Structure formats: C-alpha cells, structure tokens
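For ligands, and for the atoms within them, numbers begin at 1 and follow the listed sequence. Basis for what follows: all heavy atoms, side chains included, without hydrogens, waters or symmetry-related copies. The structure presented is a predicted model; accordingly, all values stated were derived computationally and were not measured.
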Amino acid sequence: MEIVLSLGGSFISDRPHEVRRLRGVLKRVSRNAIVVVGGGDLAREYIRFAGLLGLTKRSLHRVGIKATLINAFILSEVLDGEFFDGDPRRLRKRGLIVTGGFKPGWTTDTCAAYAAVSSGADVIFNISKEKGVYDMDPEKFRNAKLLRHIKFDELRKMTGAERKPGMNFIFDPMAATICKRHKIKVVVTNRITDVADYLKNGTTKGTIID
Ligand code: UTP
C-alpha cells in the first residue's frame, strides 16, 4: 500500500526522538512511502534574512523550497530512503522516497497532496507539532478544543486564502482542495505511532479530515 507523510519542518527539529522512530514504523507498515518534509524554522529564518536583502516574493518562496530540500535530504539519510528533488505530480518511483518543496507559492502539504495523487495513496499523514486540528488557535486560547473528525469544507472556513512566503497553516487550503477532489483522507497528528494505528484500525489520537 502507498502512503504519504507530510512532515512539518518544526516537527523534525523539535522532536528528534519521534523522528528516529519513523524508520521502524515505516518498515512495519509499508514498503512504499513518500515522505514530504517541510522547512519549519529553518525556512522562516532564511526567508526573513533573504527578505532583508530585498528579494522578491517569488525568490523568497524559492529560498523556502531550498530549506525544505535540505531537511528532506537529512531525513533521507536518517530513513535510508531515496532523496527526490522534482515535480511531485510526476513522481512514479516506488520504495521509500523523501522529498521537499517544488513550486514557488506552494507548500510541502501541496506537494504531499500531489504525491498522493500520482502514487495512488488514499491517505496523507500530516505530522506536525500540533496534536490535531483545534477549533481555535491552541497557542492563543487555552480552552481550544481538539476536533476528532472534520470535513474539508469546515477546514476551509477555518483557514484564510492569503499566502505569504513562510506562512503557517495546519493543512494548506490548496492541498485540502486537491485531497477533497481526489477523495484522499488526511490524518493530522503529532504522533508517529498514529501512522501504524490508523493503518491497522482506522484510529488516531489526532484529527481525521475527509
Ligand atoms: P513549508 O511547506 O515547510 O511550509 O514551506 P510550512 O507551513 O512552514 O511548514 P512547516 O512549518 O515546515 O510544517 C516553507 C516555505 O517554502 C516555500 C513557501 O514560501 C513556504 O511558506 N515553498 C515550499 C514553496 O514556495 N513551494 C513549495 O513547494 C514548498
């Protein structure tokens, strides 16, 4: 079975122990997996610095892409997977593939959505610092509630349409549109073990979007 993981850049830098468990989990659950790695703070820091040098918005997106690719390269070494730097819509390779961003203005969630379409995966695991999707920003509101199951249309109402280099979403609205169109589910979680749990019995401690 094909699976796709969208790994947040901040997740890989903040949770190295969890990341190291990924290799074992992937070995157990699937021989074919595409891991798309985000840029996290590394991308944001480079985008900030490059912005001070007067780069255009498009160039700043390209800087962000490079940051995702460095993270992806590191992950490919950790996971002993094949590093891929190219268009996720043309990704036809099998095995364990690790990749990052591709097109200025997208995010790695969008790359993950396209990778799921091209590989025929019916689920994307969106693994980031957040436990799942909340009804309010959990960093600002202490009474924010974790939502266990939401529809893509509800997610759309929660995220605006504006896109700036380095902008942070739970799951990118453009990626959500692609997933909705192709009936790909998204599991949002901060636990690597949820990948195995979900594939075994359809459960997660995070949020299912469909
Ligand atoms: P990320 O996909 O890492 O965004 O891309 P993120 O929301 O910060 O993800 P986390 O925090 O790692 O989970 C970082 C930036 O790189 C550019 C965009 O500017 C994006 O905000 N980027 C990334 C692209 O322009 N195209 C891509 O395909 C990927």
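With Thr68, Ile12, Thr108, Ile170 as candidates, the residue nearest to atom 2 (O) of ligand 1 on a non-hydrogen basis is Thr108.
For ligand 1 and Lys103, the ligand atoms under 4.0 Å from any heavy atom of the residue are 24 (C), 25 (O), 26 (N), 27 (C), 28 (O). Taking every non-hydrogen atom of Cys111 and a distance limit under 4.0 Å, the qualifying atoms of ligand 1 come out as 28 (O). Against a heavy-atom cut-off of under 4.0 Å, Ser10 is close to the following atoms of ligand 1: 11 (O). For ligand 1, the atoms closer than 4.0 angstrom to any heavy atom of Pro104 are 25 (O).
The backbone of Phe102, and not its side chain, has at least one atom closer than 4.0 Å to an atom of ligand 1 (non-hydrogen atoms only; backbone = N, CA, C, O).
Separation of atoms CD1 (Ile208) and OG1 (Thr203) is listed at 8.0 Å; rounding is to 0.5 Å. Of the inter-residue distances, the one linking Thr110 atom OG1 with Asp172 atom CG reads 3.5 Å to the nearest 0.5 angstrom.
Using a 4.0 Å cut-off between charged nitrogen and carboxylate oxygen, Glu45 and Arg48 count as a salt-bridge pair. The existence of a salt bridge linking Asp122 and Lys185 is excluded, since no basic side-chain nitrogen approaches an acidic carboxylate oxygen closer than 4.0 Å.
Using cut-offs of 30° and 60° for the angle between ring planes, the Tyr114 and Trp106 rings count as tilted.
The closest approach between any non-hydrogen atom of Arg44 and ligand 1 is below 4.0 Å.
For the 3.5 Å distance criterion, the side chains of Arg156 and Thr177 qualify, holding a donor opposite an acceptor.
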